[in-house]
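To start, the structure under review is shown below, and the notes come after it.
Computed from heavy atoms alone, side chains included, the values below leave out hydrogens, waters and symmetry copies. Each chain gets a letter, A, B and so on, in the order its sequence line appears, and its residues count up from 1.
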Amino acid sequence: MSSSAASEPKRYNFRETEAKWQKVWDGKQTFRAVMDKARPKYYVLEMFPYPSGRIHMGHVRNYTQGDVIARYKRAKGFNVLHPMGWDAFGLPAENAAIEKKTHPKTWTYANIATMKAQLKSMGLSLDWSRELATCDPSYYRHEQKMFLDFWKAGLAYRREAWVNWDPVDNTVLANEQVIDGKGWRTGATVERRKLTQWNLKITTFADELLSRLDTLDRWPEKVRLMQANWIGKSRGARLSFELTDASGADRGKLEIFTTRPDTLFGASFMALSPEHPITAQLAADDPGLQRFVAECRKTGTAAAEIETAEKQGYKLPLLAKHPLVPGRTMPVYAANFVLMEYGTGAIFGCPAHDERDHEFATKYGLPILQVVAPANAKEKIDVQAAPFVDDGVIVNSEFLNGLAVEDAKAKVIARLEEMKVGTGTTQYRLRDWLVSRQRYWGCPIPAIHCEKCGVVPVPEKDLPVKLPDDVTFDRPGNPLDHHPTWKHVPCPTCGGAARRETDTFDTFIDSSWYFDRFTSPGLETAPFDRAENEYWMPVDQYIGGVEHAILHLLYSRFWTRAMREVQLTGRDEPFDGLFTQGMVCHETYRASDGTWLLPEEIERTAGGNVVRASDKSPVEVGRSEKMSKSKKNVVDPDQIIRDYGADTARWFMLSDSPPERDLEWTEAGVTGAWRFQQRLHRIASEAMNGLPAAGTAKPAALSDAATELRRAAHKTVAGLSADIEAFHFNKAVARLYELANTISGFAAKDAGDAWAQREALEIFVRLIGPMTPHLAEELWQELGHTTLLADSPWPVADAGLLVDDTVTVAVQLNGKLRGTIALPKDAAKDVAEKTALALPELVRGLEGKTPKRVIVVPNRIVNVVV
RNA sequence: GCCCCCGUGGCGGAAUUGGUAGACGCGCCUGACUCAAAAUCAGGUUUCCUCACGGAAGUGUUGGUUCGAGUCCGACCGGGGGCACCA
């Protein structure tokens, strides 16, 4: 072995090489971004991480994709901003404080240090000089200031309302943060509590947030659709019903919202939310109603519970007068299925044309009045048995009879408006954003409660309101509230004894403007410098997980608009382009005792069985799932980078799977990626000897083989550029494999060939630059360059080499392939036809028959029809 | 229940506006090198029939449009995601 070492090509030492180039980039501050109005900018951003402790493969995939774009755009001549920071506030830090007795700040900053070192080992083209952490007072002071501005502008307010309470985290949650009746972080079933909390008026922008989705044409359709559904715009009407008691005495009015005013003549009952003020008022002296309301509150909001929960009503001592039919009255119920948060918290029931109302009416024996008939008169329906909810023609409805549903809606709204009992309106499902959290490790809400003056903003000169460091986590609840002195302050208005707000902000606020802060991270006087911000923003390409489709992305779109309202920016949208990457998955392994095993704890036997490495006991192999600590199907990026190098990890992340789809992490895939790195280095090293010097002029004449090699290289430049622009990294990788195969199969026979070989190699090295930057930089140097590849421009494809002189055209007989012919490019149709008809395979297939018709698609196909 | 996306070899996946289905990679098979193994290199690899030449079928199922369908349209089957008493 030792004797052959001298003759064998040197193995690529990734460890040494990767460290070397990282140091060079660092030392030269290669990726530092400086505003330069003479150059076009490009802002690439990956969703910044929560400093949980260590990076995981999802991060590696996300940041690799962003880095490909950043390095590519840099090479294309853009002034690229590619920053990184830390979403550093949040509950895990408090949980760690309780479990490990470390301070949240200590824990967070230690994690940041670890993860920063890990990210650095990936060789990302980041401008670390702009690094920020949201838990830093120099960051959150601006957040507090903006909040005060929003408050002044009426975009922030306090309100008592029923809220979602997470019993595990001991805090409230916003509507978006409750998934299937459970807390988004803890998975605990959410409880209903009535509390006074801070809200941001996202609903002010409901219509704008919806309509502007259409203009976000570089966002995934899926995300736009999810946001549109979440905002949930419905056209309809609000109208008032007069209420009386059984004796006919006036009991005020009841306002309802409906999307089906056309079915008003089919109304047979009214239903109020258990939380409706009228319900509450009547409950005061009705113990039965009190019990009913309490019962409704107990029912959870989980999907399964709702589906099985029966429609329940409690008949109130009220009657509602039909606004269009004199003398007709309807019973009024409190009903468990009516939500206080939507519309007016009250409805009219039209059982003939609504599933839910039908179920309720059937249960309580209420009349079912048909007012819509199928447009096709032959169609038989029975609304007593099932509601008819399709489009149709209005019947039994006086002045609406014969109209189509849509026309009837317009006509009845016009009539109600004339009578001044109703009006056409638009209703949104979106609710205001509840931002108070009863936690310590978050940005303090800059407000002071004074018994005399009410809720008073903290004066700007007192910002930031800093978190106290000396807190304890020895009892449940909010440590800020338990702090002996922190909350006691004089009222800024009257000077009397007052109390600080002890709630902190939802951490989604921190991440709603960090991309703006990156444009001027050190500025003390404002969240950002206007000129810097206008140069860099919006983010041209944002990359992250689809799990933020609603939460973070909607909040950020709101915050940008709120900043616009207080004249901080003139911008509507923060993210011009969005890409949502897929998850990283891995097989799961279970030992015979039922415990989960790490991939590194198993091994494969010669017979192909999977066993536990320690005792060779059999292992059950489960399907591939998203990598998660709980199922132990995780692979540590550190270990992969140590064993195979960052370039291998990056290359594997980009190969095979389309970036928006889930990626299956396999050992075989990693070793495959690793072998290719080695092979590349070998191909380049072997070819290196006979090459002319860098910068040698192109020879006057080139062999056919050399021209073919050039064609392959230049076609790859064009194709790969298009692939990267379109986020088709897997196709880009495939093209690079093809070019590598072409180059390795090429043997130079003369000086011209060697020149073409150098050209192809240089092109190749520049093309792999965004994907495997260390190897590319190394080969660039070995090719004799003294400048950095990272500073070199993207190769330009010679248009003349992209088109072939001859093309292969398929010949079909009745649409079936018979063979191919070679034709000059853009050959005349009759030439193509003549050549095709002479093709022996076609002649044989024709069996002497005369073609009826010949279809010629130039440069593509000739189809002979008999 | 409503809305959206996706079904292509043993596997991940390619296929411009409808125009040679299976690029590229993984795996597997054969060969070279080696005492041997690893690594590497060369060739093969959709299925079926055939010694071969060659032929037939084939993109979840099924019907349609077309000279021509993985691609367009209808129905169905399967998988995934989002929303869900939203009036």
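In this structure, Asn229(A) places its CG atom 15 Å from C1' of G1(B), rounding to the nearest Å. We find that CE of Met270(A) is positioned 16 Å from P of A87(B), with the value rounded to whole Å. For the pair Leu736(A) CG and A14(B) P, the computed distance is 16 Å after rounding to whole Å. Across the protein-nucleic acid pair, Phe337(A) atom CZ and A87(B) atom P stand 13 Å apart, rounded to whole Å. Nucleotide G13(B) holds its P atom 9 Å from the CG atom of Leu663(A), rounded to whole Å.
Residue contacts for Arg431(A): at a heavy-atom cut-off of 4.0 Å it reaches a base atom on one of the strands shown. Residue contacts shown for Lys852(A) are absent, as no nucleic acid heavy atom lies under 4.0 Å away. As judged by a 4.0 angstrom heavy-atom cut-off over every strand, Val857(A) is placed among the base-contacting residues.
Listed pair Arg661(A) / G13(B) meets the phosphate criterion, a side-chain N or O lying under 4.0 Å from OP1 or OP2. Of the side-chain N and O atoms in Arg224(A), none sit less than 4.0 angstrom from OP1 or OP2 of C4(B). Contact annotation: Arg860(A) does not reach the phosphate of G18(B) (side-chain N/O to OP1 or OP2, under 4.0 Å). Between Arg356(A) and C86(B), a side-chain N or O to OP1/OP2 separation shorter than 4.0 Å is present.
Taking a cutoff of 4.0 Å between a charged side-chain nitrogen and a carboxylate oxygen, Glu406(A) and Lys409(A) qualify as a salt bridge. Using a cut-off of 4.0 Å between Lys/Arg side-chain N and Asp/Glu carboxylate O, Lys233(A) and Asp207(A) are scored as salt-bridged.
Comparing atom distances between the Ser234(A) side chain and each of G54(B), A87(B), A84(B) picks out A87(B) as nearest.
Within residues 338-355 of chain A, the residues approached by RNA chain B to less than 4.0 Å at the level of any non-hydrogen atom are Val338(A), Leu339(A), Tyr342(A), Ile347(A), in residue-number order.
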Could I get a table of every N or O pair under 3.5 Å where one atom is in the protein and the other is in nucleotides 44-49 of chain B?
none

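Judged by Watson-Crick or G-U wobble contacts below 3.5 Å, the nucleotide C2(B) has G82(B) as its partner. Of the nucleotides present, none pairs with A23(B) by Watson-Crick or G-U wobble criteria with both distances under 3.5 Å. Of all nucleotides present, none satisfies the Watson-Crick or G-U wobble test against G58(B) with each distance under 3.5 Å. C72(B) is paired with G64(B) under the criterion used here, namely a Watson-Crick or G-U wobble arrangement in which both key atom distances are under 3.5 Å. The partner of U34(B), taking Watson-Crick or G-U wobble pairs whose two distances both stay under 3.5 Å, does not exist in any strand shown. A 3.5 Å limit on both hydrogen-bonding distances identifies no Watson-Crick or G-U partner for A15(B).
Checking Asp432(A) against Thr203(A) by side-chain atom types alone, a donor-acceptor pair falls below 3.5 Å.
Anti is the conformation of G7(B), whose glycosidic angle sits further than 90° from 0.
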Nucleotide by nucleotide, 5' to 3', does protein get under 4.0 Å of the base (B), only the sugar-phosphate (S), or neither (-) in nucleotides 21-34 of chain B, counting heavy atoms?
-> --BSSSS-------
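Relative ring orientation between Phe727(A) and Phe579(A) is described as parallel, the plane-to-plane angle staying below 30° on a 0-90° scale split at 30° and 60°.
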